[in-house]
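Within every chain, numbering begins at 1; the chains are lettered A, B, ... in the order of the sequence lines, protein sequences first and strands thereafter.
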2 protein chains.
Amino acid sequence: MLDNTDISILNELTKNSRITMKELGEKVHLTGQAASARVAKLEDSGVIEGYTIKVNQVKMGYFIQAFITIITQSTYHQPYLSFLKTQEPYIIHNNKISGDGCYLLECKFPSNEKLDEFLEDLNEHANYKLSIVINK
Amino acid sequence: MLDNTDISILNELTKNSRITMKELGEKVHLTGQAASARVAKLEDSGVIEGYTIKVNQVKMGYFIQAFITIITQSTYHQPYLSFLKTQEPYIIHNNKISGDGCYLLECKFPSNEKLDEFLEDLNEHANYKLSIVINK
DNA sequence: GGGTTTGACTTGATTAATGAAAGGAGTTGA
DNA sequence: TCAACTCCTTTCATTAATCAAGTCAAACCC
């Protein structure tokens, strides 16, 4: 389904998704038009889900990143999930997982105070275990 | 440092980083040139770290995503870190964390067999706790 | 073998975006 | 009040993207 040229295209776009089709073509030994057609196919087939940017969260004022293992008290998760929707700026990903806990929540905070507030509010819907990210 | 226009620009680029500067300008009520200058500034200041794509990992053959909490046996982490470098296609992020364990490893695998192999090899350098991602 | 279809690429013409230069409006501070 | 600065717009030359043919090779069929 995907040949080596497709893989090269995905690698190049992963490194820089704003590259021109002409340049991309040069890197994978195609014309800009052919590269463009390949990319369109990758989009249509759903391999490329979208184009986005990497934002420096520290420069945006989010100094703390954390993983929070969630253990919901009741069997109804809805209160917790509804709560999450009210906390959008802090949430990166909410992963439903096997193993310890029901969810592994990846999130970011501007300060320990905000994190503390969040945990206080969270505690009304679920128990948790907190892991702060020191480095990636 | 960042005004509302900058925030709008970051939101638009997060949704679609291949938008033309002209279109981006229209969305934030600027000319293409002015939008382009803003974006250049965001790049120079390091707020925008890069442009990339979202790839559908399932369509790439990675059917399993997992979080693995790593507890290294010795105080020397180097053997574990070196091991990771040999397993690159499977690794998404290796987060050094506080709390349970030394690291929280985010990774992807094409099959349970490959995951099993990985865990066997991992076990020579560290203990672990496995969480499979069911949903995001 | 001859003919047709299909998929992937290139070429060439048209349309659109980009980048550079010049200039205007608003703000700041001496 | 004036100069310096920032941020934006306008204009124009350059460059890239797009669309429509056209080429080429492989696969298939009679």
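- Thr31(A) has a side-chain polar atom (N or O) that falls below the 4.0 Å cut-off from OP1 or OP2 of dT10(C).
- At a cut-off of 3.5 Å, with distance as the only test, a side-chain donor of Tyr80(A) or Asn94(A) sits close to an acceptor on the other residue.
- Thr14(B) and Thr52(A) get closest at one heavy-atom pair: O-OG1, 2.8 Å.
- Annotation: cation-pi geometry satisfied between Lys108(B) and Tyr62(B) (NZ/CZ under 6.0 angstrom from ring centroid, within 45° of ring axis).
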Can you name the atoms? Protein N/O to nucleotides 23-25 of chain C N/O, anything below 3.5 Å, with the distance.
none

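- In the model, Ser17(A) has a side-chain atom that pairs as donor or acceptor with a side-chain atom of Ser17(B) under 3.5 Å.
- When the P atom of dT6(D) is taken as reference, atom CE of Met1(B) falls 14 Å away, rounded to whole Å.
- In this structure a side-chain-to-backbone donor-acceptor pair under 3.5 Å is missing from Thr72(B) to His77(B).
- For the pair Lys27(A) NZ and dA16(D) P, the computed distance is 14 Å after rounding to whole Å.
- Counting only N and O atoms by type, the side chains of Tyr51(A) and Glu43(A) include a donor and acceptor under 3.5 Å apart.
- Against DNA chain D, the stretch residues 38-48 of chain B makes heavy-atom approaches under 4.0 Å through Arg38(B), Lys41(B).
- Between Phe118(A) and Phe109(A), the ring centre distance stays below 6.0 Å.
- One can place CG of Leu30(B) at 12 Å from P of dT10(D), the figure rounded to the nearest angstrom.
- With respect to Asp100(B) and Lys129(B), a salt bridge is recorded, a charged nitrogen being found less than 4.0 Å from a carboxylate O.
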Handout entry: Working for side-chain contact (heavy atoms from CB on, under 4.5 Å), residues Glu49(A) and Val55(B)
Key = CA-CA 6 Å; Glu49(A) 293 183 329; Val55(B) 173; over 6 Å; no
Exercise for the section: Sugar-phosphate atoms are those with a prime plus P, OP1 and OP2; base atoms are the rest. Using that split, label each nucleotide of nucleotides 14-20 of chain C B, S or - for protein heavy atoms under 4.0 Å, 5' to 3'. Expected result: ---SSBB
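- Closest non-hydrogen pair, Met21(A) versus Ser36(A), comes out as SD-CA, 3.6 Å.
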